**Student:** 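Would you mind keeping the following structure in view while I ask a few things?
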Amino acid sequence: MARTLARLMGGEALPFPPCDGAWIAFAAADDGTAVEVYPQGARVMRGPETIAFEQTEAAAGPSATHVAIGSPLSAEEIIEIGQAEGWTTRSTDRGPFGCIELWIEDRVLIELLDPAMQEDYRRNMTVAGWRAMFGM
C-alpha cells in the first residue's frame with residue numbers, strides 16, 4: 001500500500017521503524033508531505049510521553065476517514081495504477097472539484113487530484129467556498 005501511495009504521489013516509500021511492519025510514503029516534492037501506513041489492526045494511541053502503537057484484530061469494512069492528495073500523475077495514470085492493484089478506481093465530480101476516487105484495498109478512500117484537478121480544488125475548497133456551498 002505504501003509503495004503504491006508513494007508512486008501515486010511521485011515519491012518514495014520507506015520503512016517506518018517506530019511501528020513494526022509500518023511504512024511511510026513520501027511525496028515527490030519532498031516537502032514533508034507523507035502518509036504513514038500501518039499494518040491492519042495497528043492502532044495509534046496516546047502514550048505517556050509520545051504516541052504508542054498497539055496491534056489489535058483487524059477491523060472489517062471501510063474506513064471512516066479519507067484524505068485528498070495531489071498527484072503529479074495524470075488522471076489516466078492514476079486510474080491505471082489503481083486498477084493494476086485491483087482496487088476500485090474511478091473518476092468523479094464532487095461539484096467544486098473533480099477527483100479520482102481510489103479505494104485502497106477497497107477499504108480506505110483516497111481522493112487523488114491530478115495537476116488540473118488541484119487547481120480547482122485549491123480555488124474552491126476554502127472556508128468561504130465551503131460556507132457558500134452548504135449555506136452556512
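The figures that follow rest on heavy atoms only: side chains count, while hydrogens, waters and symmetry mates do not. Quick caveat: nothing in here was measured; it's all calculated off a predicted structure.
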**Student:** Just how far is it from atom OG1 of T92 to atom CD1 of I100, taken to the nearest 0.5 Å?
**Tutor:**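 Answer for the OG1-CD1 pair, T92 versus I100, is 9.0 Å.
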**Student:** Between I79 and L102, is the side chain to side chain contact (heavy atoms under 4.5 Å, CB included) condition met? List the steps.
**Tutor:** CA-CA 8 Å; I79 290 169; L102 186 144; over 6 Å; no
**Student:** Apply side chain to side chain contact (heavy atoms under 4.5 Å, CB included) to residues T126 and N124 and explain how you reach the verdict.
**Tutor:** CA-CA 6 Å; T126 63; N124 296 309; over 6 Å; no
**Student:** Give the minimum heavy-atom separation between A25 and M9, together with the two atoms involved.
**Tutor:**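 Nearest heavy atoms, A25 then M9: O-CE, 3.4 Å.
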**Student:** What do the steps show when you test E111 against I69 for side chain to side chain contact (heavy atoms under 4.5 Å, CB included), and what is the final call?
**Tutor:** CA-CA 6 Å; E111 292 176 330; I69 295 175; over 6 Å; no
**Student:** So for atom CD, which belongs to E80, do other residues, nucleotides or ligands contribute more than 12 heavy atoms lying within a distance under 6.0 Å?
**Tutor:**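 For E80, atom CD is not crowded (no more than 12 foreign heavy atoms under 6.0 Å).
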**Student:** Would a hydrophobic clustering, with Ile, Leu, Val, Met, Phe, Trp and Tyr connected at side-chain separations under 4.5 Å, put V44 with V67?
**Tutor:**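 They do not share one cluster, since no chain of ILVMFWY contacts under 4.5 Å joins V44 to V67.
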**Student:** How long is the gap from CG on L112 to CD on Q118, to the nearest 0.5 Å?
**Tutor:**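 The distance works out to 9.5 Å.
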**Student:** How long is the span from the CD atom in E76 to the CD1 atom in I81, to the nearest 0.5 Å?
**Tutor:**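 Taking CD in E76 and CD1 in I81, the distance rounds to 12.0 Å.
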**Student:** Any side-chain donor-acceptor pair under 3.5 Å between T89 and Q83?
**Tutor:**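 No.
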**Student:** CG/L113 to CE/M117 distance, rounded to the nearest 0.5 angstrom?
**Tutor:**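 Taking CG in L113 and CE in M117, the distance rounds to 7.0 Å.
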**Student:** Same cluster or not: F134 versus Y121, using hydrophobic residues (I, L, V, M, F, W, Y) connected whenever any side-chain heavy atoms lie under 4.5 Å apart?
**Tutor:**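 F134 clusters together with Y121.
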**Student:** Nearest 0.5 Å please: distance from the CD1 atom of I104 over to the NE2 atom of H66.
**Tutor:**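 It is 12.0 Å, given to the nearest 0.5 Å.
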**Student:** Angle class for the F53/Y38 ring planes (parallel below 30°, perpendicular above 60°, tilted otherwise)?
**Tutor:**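 The rings of F53 and Y38 sit tilted, inter-plane angle from 30° to 60°.
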**Student:** Please check if V108 and I78 belong to a single hydrophobic cluster, counting links between Ile, Leu, Val, Met, Phe, Trp and Tyr side chain heavy atoms closer than 4.5 Å.
**Tutor:**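 Per the 4.5 Å side-chain linkage, V108 and I78 are co-clustered.
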**Student:** Indicate if W23 and W87 have the same hydrophobic cluster label, given that clusters are the connected sets of ILVMFWY residues with side-chain heavy-atom separations under 4.5 angstrom.
**Tutor:**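 The answer is no; the residues belong to distinct hydrophobic clusters.
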**Student:** Using only atom types and a distance under 3.5 Å, with no angle test, would you say the side chain of E12 pairs donor to acceptor with the backbone of F26?
**Tutor:**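 Absent.
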**Student:** May I ask you to say whether R94 pairs ionically with E101, meaning some side-chain N is under 4.0 Å from a carboxylate O?
**Tutor:**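 Looking at R94 and E101, the cut-off is met.
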**Student:** Determine which pairs satisfy salt bridge (charged side-chain N to carboxylate O under 4.0 Å, His left out) with at least one residue from residues 114-127, sequence neighbours left out, and list them in order.
**Tutor:**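 Found D120-R123.
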**Student:** For the residue pair E105 / Q40, report whether a side-chain donor-acceptor contact shorter than 3.5 Å exists.
**Tutor:**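 Indeed, the side chains of Q40 and E105 share at least one donor-acceptor pair under 3.5 Å.
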**Student:** Cluster question for you: counting only ILVMFWY and a side-chain heavy-atom cut-off of under 4.5 Å, with indirect links fine, are F97 and L109 together?
**Tutor:**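 Per the 4.5 Å side-chain linkage, F97 and L109 are not co-clustered.
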**Student:** How about P39 and C19: do any of their side-chain heavy atoms sit closer than 4.5 Å?
**Tutor:**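 Result yes, sub-4.5 Å side-chain heavy-atom pair found.
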**Student:** Is there a donor-acceptor pair closer than 3.5 Å between any side-chain N or O of T56 and the backbone N or O of G41?
**Tutor:**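 Present.
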**Student:** Specify the closest pair of heavy atoms between A6 and A13, including all atoms of both residues, with the distance to one decimal.
**Tutor:**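 That would be CB-N, 3.5 Å.
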**Student:** Distance-only, no hydrogens or angles: does the D106 side chain make a donor-acceptor pair with backbone N or O of T88 under 3.5 Å?
**Tutor:**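 Yes, because the side chain of D106 sits within donor-acceptor range (under 3.5 Å) of the backbone of T88.
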**Student:** For the residue pair P15 and I24, what are the closest heavy atoms and their distance?
**Tutor:**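 Minimum heavy-atom contact is O-CG2, 4.1 Å.
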